[in-house]
Number of protein chains: 2
Amino acid sequence: MTTTPLEVGLDRSSPVPLYFQLAVQLEAAIDCGELAPGQRLDNEIELADRLGVSRPTMRRAIQELVGKGLLVRKRGVGTQVVQGALKRDVELSSLFDDLAKAQRRPSTDVLVVERRRPDDGVATALGLQPEEDAVYLERVRKADDVPLAIMRNWLPLDLAPSPELLRTRGLYDLMRGTGIHLRIASQRIGATSATSEQGRLLALRKGAPLLTMERVTYDDSGRPVELGRHVYRAESYSFQITLVSR
Amino acid sequence: MTTTPLEVGLDRSSPVPLYFQLAVQLEAAIDCGELAPGQRLDNEIELADRLGVSRPTMRRAIQELVGKGLLVRKRGVGTQVVQGALKRDVELSSLFDDLAKAQRRPSTDVLVVERRRPDDGVATALGLQPEEDAVYLERVRKADDVPLAIMRNWLPLDLAPSPELLRTRGLYDLMRGTGIHLRIASQRIGATSATSEQGRLLALRKGAPLLTMERVTYDDSGRPVELGRHVYRAESYSFQITLVSR
DNA sequence: TAGTGGTCTAGACCACCTC
DNA sequence: AGGTGGTCTAGACCACTAA
């Protein structure tokens, strides 16, 4: 008698790793309620055997979901589905991608694209030489024509994007298109009050609450490739995060 | 000729896993600059061999630091230390712990501790029955006697903490002390303006910017054990996050 | 005591990058 | 072509939990 029937189909000729195929299908089973909150899974040896993979591969699949906060494991006890519907998290994606995914219609007003001397903080974060210039961008991102955020970015000169493309696509999307692999982002989130200038751009009164984010993004060689200093309308945006302790 | 001398000492009789001992010492080497930003590590087979562990164990140690955003790997190329000093992240800890660690002197005004009927949103998040009561807490957290945050919490009745202890210790600390193992926290971060009541408690004018956090915490069996709705003085607090893509 | 997850090993084959 | 990390296997022993 098994506690989880759980049928999965694996394609061993696919380039997609087995552990990943397993993790995706387990996650789908949780999402659709086939694995209910609080329900216990069979032990990993049983599962590995039934699904036709080795125990380490099965463990790795389970570990993916533990890392996402969807499963919980206790030694000597077993593996359970977490109680409580989980929301999806902030990912290494741009606001543009997020809006498109949420079926909103994103657009961008490009205010500034120019070569400029960065301040010390920016130069240090991007690893530039003391006298080295960078590209400065200033944009207003709208969703369904309602202004949502003011985005100010600094990039190394060799990564300057085309102003025309910036109007219709997100910065991350453009960078990926030029062969840059974004890997790590370090973000700091805070709050502030709108200046009159910010209020004008976001159709808010001066002093309205804003959510702020400063972010440095690194590519897969660990090189800093972008610094962003953005402010968001507080009533229209928030950040979702899940923390899992080891 | 090795690119990284890297001396590490392993204790195979310790209950601390080998991969963890390795990860800690690697991280220390990065922190103290023995492994410089941008520097390439030896390949993992060489490293495993030199340090006297198997390749999977060595991989796992490296993977720990990749997950923390301290190392970056590229297939066919190698493993590098990330450029740019990384800051430490939000963890599964309370504001009280954070302040104590930062050498500030935390204290707490306990305003409310009572049994109360939660609204639907709270009841759902905590997995309570429709007519079930919960414990409601309202506190003001101060650092060096300056008010920093208003904290409102809901807990299941059986987890009610002692009002006396709340004054001198953090909620998470107290919960851990009663044998609860906090595992997962799901947080949403936003911004708002201070109401006159919030302004009074935080020594701010009405309309001042506040950082908001709503958080649900789960224990190691996946049970929701706490819901917090907190507001922070914007000028005194921010959240640090690191994202790593697979 | 029986069952669970946690760790570790030794080896294999593959995909990707650089030269 | 050679070197790198990515994946997968089959097995072993241990620590923790619950009955």
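Residue numbers start from 1 in every chain, and the chains themselves are labelled A, B, ... in the order their sequence lines are given, proteins ahead of strands. What you see below is based on every heavy atom in this structure, not just the backbone, and it leaves out hydrogens, waters and symmetry mates.
B:Gln83 contributes no side-chain N or O that, together with a main-chain N or O of A:Gly127, makes up a donor-acceptor pair within less than 3.5 Å. For A:Gln187 (side chain) and B:Thr242 (main-chain N/O), no donor-acceptor pair under 3.5 Å exists by modelled atom type. When atom types are taken as modelled, the side chain of B:Thr124 and the backbone of B:Asp120 share a donor-acceptor pair closer than 3.5 angstrom.
For the pair B:Glu27/B:Leu70, a side-chain contact is recorded, criterion being any heavy-atom separation below 4.5 Å from C-beta on. The closest side-chain heavy-atom distance from A:Glu226 to A:Leu126 is not below 4.5 Å.
B:Glu46 has its CD atom 15 Å from the C1' atom of D:dG5, to the nearest Å. When rounded to the nearest whole Å, the span between CG of B:Asp42 and P of D:dT4 equals 9 Å. Atom pair B:Glu44:CD and D:dG3:P shows a separation of 15 Å (rounding to whole Å applied).
In the 5' to 3' direction, nucleotides of DNA chain C lying under 4.0 Å from heavy atoms of chain A begin and end at C:dG3 to C:dT7.
OP1 or OP2 of D:dT4 lies within a sub-4.0 Å distance of a side-chain N or O belonging to B:Asn43.
Contacts of A:Arg60 with the nucleic acid, taken as non-hydrogen atoms under 4.0 Å apart, involve only primed sugar atoms and P, OP1 or OP2. When heavy atoms are screened at a 4.0 angstrom cut-off, A:Leu18 is found touching the sugar-phosphate backbone but no base atom. Within the 4.0 angstrom heavy-atom criterion, only backbone atoms of the sugar-phosphate kind lie near A:Pro17; the bases stay farther away.
Rounded to the nearest 0.5 angstrom, B:Ile184 CD1 and B:Thr217 OG1 are separated by 10.0 Å. The distance from the CD atom of A:Glu44 to the OG1 atom of A:Thr57 is 11.5 Å, given to the nearest 0.5 Å.
Nearest-nucleotide assignment on DNA chain D puts the 5′-proximal partner with B:Arg73, out of B:Arg73 and A:Pro56.
Partner B:Tyr19 forms a side-chain contact (heavy atoms from CB on, under 4.5 Å) with one of B:Arg60, B:Met58, B:Arg59 and no other, that one being B:Arg60.
With sequence neighbours left out, B:Phe239 forms a ring-ring contact (aromatic ring centres under 6.0 Å, His included) with B:Tyr232, B:Tyr237.
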Please list, for nucleotides 15-19 of chain D, all pairs of protein and nucleotide N/O atoms separated by less than 3.5 Å.
residue: D:dA15; atom: O4'; partner: A:Arg75; partner atom: NH1; Å: 3.3

